[in-house]
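The structure presented is a predicted model; accordingly, all values stated were derived computationally and were not measured.
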Amino acid sequence: MALKTQTNIATNRRGFDWKVQKEQPGRPASSAGKTNHKEAWFQAAFNQTAVGIALTDIRTGRWLQVNQRYCDIVGYSPNEMRIMSFRDLTHPDDLPADLAQVARMRAGEITGFCMEKRMRHKDGRTVWVTLSVSATWGAEEPSDFYVAIIQDITTHKLAQEKAAKSEQTLRCILEHLPIAVVLVADDQKITYRNQRVESLLGYTARDIPDMESWWNTAHPEHATREQARQLWLQRRECARQSDGMIEPYEKKVLCRNGEIRYVKISGALTHVGCLLTLEDLSSHKAVQQRIEQLSYYDALTQLPNRHLLLEQAPKTLANSTANDRWGAVLLLDVDRFKLLNDTQGRDHGDALLLQIAQRLLGFTENRYLAARHGDDEFVVILDDLARQSEDAGSRAAERARQLLQILHAPYDLMGAPYQASICAGVVLFHGEQHGLDELLKRADLAVSQAKAFEHGSFRFYDPQIQLVVNDRARLEADIRMGLERHQFEIFYQPQMHKDSVVGAEALVRWRHPEKGCVSPAYFISVAEEAGSILQLGSEVLRGACQQLASWGHRPGLNKLTLSVNVSPRQFYQNDFVSQVLRILAQTGARAHRLKLEITERLLLRDVEGTIRKMAQLQAHGVRFSLDDFGTGYSSLAYLKRLPLDELKIDQSFVQGVPGNCNDAAIVRSVISLAQSLGLSVIAEGVETEEHKRFLEQHGCQRYQGYLFGRPVCADAFETLVKDVQPVGHSTEVHR
């Protein structure tokens with residue numbers, strides 16, 4: 001609507017009214033009437049519309065025409081507005097932007113604009129409006145006027161401000177909560193996290209943008225990660241099926257700095273995702289641990305106290321029942337402890353108790369339970385000792401002696417040496433027949449007997465067990481004395497190939513001054529447990545190598561091989577390889593004539609170490625035979641890796657052939673296995689021609705047993721070799 005003429009302005013009840021006349025020569029009267037009709041229609045629409053409309057002078061900003069709605073929005077009457085401009089009612093903060101847009105429109109850069117701005121109501125309040133401004137001219141006909149339309153959006157703006165303020169308040173609350181808060185969207189993206197997440201765990205939004213990265217980062221181990229993931233999925237599904245609340249649960253998580261923290265995870269399902277909270281339980285756990293420490297551990301020594309001892313004991317007794325194994329309770333009592341406290345002071349007594357506790361921990365090495373039972377009493381529970389009471393008693397006695405030896409070493413109390421005396425009472429248990437209280441009562445009686453017998457000693461509650469232990473102790477002492485007095489001799493049992501003697505096995509015998517010639521079955525296991533086997537095994541190996549060296553210079557004997565048994569304890573010594581090589585060098589025995597017999601028990605402890613030692617000795621020519629094959633840890637996976645030369649069929653299988661089908665099948669299998677692995681095979685315990693024929697028929701041609709000769713001394717063995725084959729006859733056998 002282009003108006004470029006003198007304007008006659010008048011007012012009416014509804015607002016400003018104007019009549020615009022423009023001379024148009026030659027214009028018919030009917031046309032003028034039609035124009036007046038259109039203007040009347042426009043005037044009615046202008047005043048009746050629901051939005052505020054104004055015709056504004058583009059130069060002065062004065063309102064030339066406004067409708068009633070515009071007046072209602074700002075609170076002024078038409079007459080009042082006639083003498084004002086939009087500058088008077090625009091909020092000072094919004095005026096520069098408004099003026100800038102009007103200037104651009106005057107310059108012809110734009111033909112209109114829209115903006116939100118604040119206007120000042122007559123009563124002083126601020127009114128928010130949307131302003132839409134449009135030029136009233138075409139591109140070729142600039143004008144001095146523009147039309148401005150406003151809508152009151154104050155309510156909407158106040159709602160927005162309220163929502164923004166509420167959101168700001170909520171964010172402020174979330175950011176200052178002492179717990180971590182995260183929002184997980186349905187696509188598993190983490191869309192919000194408060195600052196506590198980073199301060200608690202150290203991870204930023206880049207570190208854990210979604211749940212998958214959370215699993216991989218906080219739970220790096222696969223098993224732990226999958227367990228945590230499944231637990232989370234289960235809790236979330238339960239929440240979906242119920243009230244939407246995720247039941248709290250605790251988890252250990254890895255922080256960015258490598259620290260492990262306990263957190264409690266809980267939350268709720270919302271329309272925008274899952275809102276989770278992570279609460280740091282580290283302090284709570286520390287308090288719990290402290291409470292547990294005070295409840296279950298002795299404040300001075302930090303050993304378990306009587307409370308924890310009574311709680312753990314039933315489990316140990318139950319395991320004894322389940323495993324059918326004997327165990328033992330050791331009650332230790334410090335002699336004259338009260339006298340130490342009274343004469344030297346409690347600080348000396350405390351120092352002694354602390355050092356005793358440290359030695360107990362060193363002795364048990366977390367294998368056995370050690371606890372402080374009273375002021376000067378300690379308890380050690382030895383479990384899983386043996387299946388037979390006699391064996392359990394022997395092992396319990398050995399442990400008690402070892403422990404007392406450790407505890408009787410001098411102590412340093414405030415810079416002064418102190419020699420303590422400690423007695424022990426030992427009671428065996430098998431299953432849950434007696435509770436710990438009853439076992440402790442019996443152990444206490446045994447302590448009293450030990451004190452009456454000798455300070456610093458131990459006694460068993462069961463007199464019969466004590467007799468067995470005494471016998472065992474005497475046997476150990478006799479073995480030590482026998483080693484000192486050279487009472488042990490080496491006997492030799494022939495090993496045959498068909499009908500020729502090709503070697504011998506060195507077997508130790510004990511010439512006891514009272515009991516005569518004692519079988520190894522009587523003393524080897526005791527020597528093994530007591531540690532005497534190390535000296536005994538070394539002496540047997542040296543004596544055998546000396547004999548082998550002697551035979552090496554004698555026709556008829558110089559082709560013989562000699563097998564020597566090596567105990568696991570002897571083999572496990574760090575310097576075993578150097579011991580063997582040193583003995584070979586010192587005696588002059590030829591290494592390829594020496595065959596070391598090992599048992600499958602060696603594989604139970606250190607397979608790789610066993611293979612390494614065997615390979616080192618084999619590189620110098622020493623051969624190896626696997627003794628008692630099939631009676632122990634027969635793993636083919638390890639057998640194929642062992643640098644063996646020979647398998648030895650155990651006599652327990654040989655004794656049953658050919659009558660026993662199972663024994664016969666085992667013997668045939670061992671022979672076949674040895675042949676397939678390229679190993680020699682020898683059978684021990686061959687006592688009858690029937691045994692020999694069965695072995696020959698199935699490919700075994702090397703034998704050892706009473707059929708060919710019992711173990712005898714070196715002279716008798718040499719005579720046996722001469723009787724079996726003439727001097728000079730070759731006994732060399734190749735695989």
Side-chain angles (χ1 to χ4, degrees), residues 1-23 32 35-107 110-138 141-154:
M1 171 177 186
L3 300 178
K4 195 171 183 184
T5 183
Q6 181 180 359
T7 305
N8 181 20
I9 301 176
T11 61
N12 62 19
R13 181 180 59 83
R14 297 290 298 170
F16 287 110
D17 191 12
W18 83 94
K19 185 177 182 182
V20 180
Q21 293 181 350
K22 183 176 180 182
E23 294 182 2
T35 300
N36 290 337
H37 175 73
K38 290 181 179 179
E39 288 179 354
W41 176 85
F42 177 79
Q43 180 71 41
F46 181 80
N47 287 323
Q48 297 291 333
T49 186
V51 297
I53 305 176
L55 184 66
T56 309
D57 189 319
I58 198 169
R59 292 168 301 172
T60 65
R62 298 281 295 274
W63 285 296
L64 303 179
Q65 176 76 3
V66 294
N67 69 352
Q68 184 61 42
R69 179 57 184 157
Y70 205 122
C71 295
D72 293 340
I73 290 174
V74 296
Y76 290 93
S77 67
N79 288 333
E80 290 172 323
M81 294 189 66
R82 185 177 58 186
I83 60 175
M84 293 189 293
S85 73
F86 76 86
R87 296 180 180 86
D88 299 323
L89 298 187
T90 300
H91 193 283
D93 293 343
D94 298 335
L95 184 58
D98 201 346
L99 291 173
Q101 293 294 79
V102 171
R104 292 181 64 200
M105 198 164 60
R106 285 180 63 187
I110 57 176
T111 59
F113 64 88
C114 294
M115 65 180 294
E116 290 183 357
K117 74 172 188 175
R118 288 162 290 182
M119 300 187 74
R120 294 184 296 188
H121 195 275
K122 184 177 181 180
D123 62 10
R125 59 189 171 90
T126 299
V127 179
W128 275 94
V129 298
T130 56
L131 171 65
S132 298
V133 175
S134 299
T136 60
W137 63 86
E141 247 185 298
S143 173
D144 295 332
F145 310 102
Y146 65 84
V147 175
I149 299 175
I150 65 170
Q151 283 184 286
D152 186 355
I153 59 170
T154 304

Going from [atom1] on [X] to [atom2] on [Y], what distance comes out if it is rounded to the nearest 0.5 angstrom?
X	Y	atom1	atom2	value
Ile149	Ile53	CD1	CD1	5.0 Å
Ile58	Met105	CD1	CE	4.5 Å
Glu80	Leu89	CD	CG	10.0 Å
Asn67	Gln65	CG	CD	8.5 Å

Residue pairs passing the ring pair (Phe, Tyr, Trp, His ring centres under 6.0 Å) test with at least one member in residues 73-95, sequence neighbours excluded, are none
Could you check whether any side-chain heavy atom of [X] comes within less than 4.5 Å of a side-chain heavy atom of [Y], counting everything from C-beta outward?
X	Y	answer
Cys71	Val66	yes
Arg87	Leu99	yes
Val74	Lys122	no
Met119	Ile73	no

What are the two closest non-hydrogen atoms of [X] and [Y], and how far apart are they?
X	Y	answer
Arg120	Thr90	NE-O, 4.3 Å
Thr126	Thr154	O-CG2, 4.2 Å
Pro92	Pro96	O-CD, 3.3 Å
Met115	Asp98	SD-CA, 3.9 Å
Ala135	Tyr146	CA-CB, 4.4 Å
Gln101	Ile110	O-CD1, 3.6 Å

Restricting to salt bridge (charged side-chain N to carboxylate O under 4.0 Å, His left out), what partner residues turn up for [X], sequence neighbours left out?
X	value
Arg104	Glu109
Asp152	none
Arg125	Asp123
Asp72	none

* To do: Please check if the side chain of Arg69 supplies one atom and the backbone of Gln151 the other of a donor-acceptor pair under 3.5 Å.
  => no
(Q) Please determine whether salt bridge (charged side-chain N to carboxylate O under 4.0 Å, His left out) holds for the pair Arg62 and Asp57, giving the CA-CA distance in whole Å, both sets of side-chain angles, and the decisive distance to 0.1 Å. (A) CA-CA 5 Å; Arg62 298 281 295 274; Asp57 189 319; over 6 Å; no
Glu116 meets the side-chain contact (heavy atoms from CB on, under 4.5 Å) criterion, sequence neighbours left out, with Trp128, Thr130, Ile153, Lys157
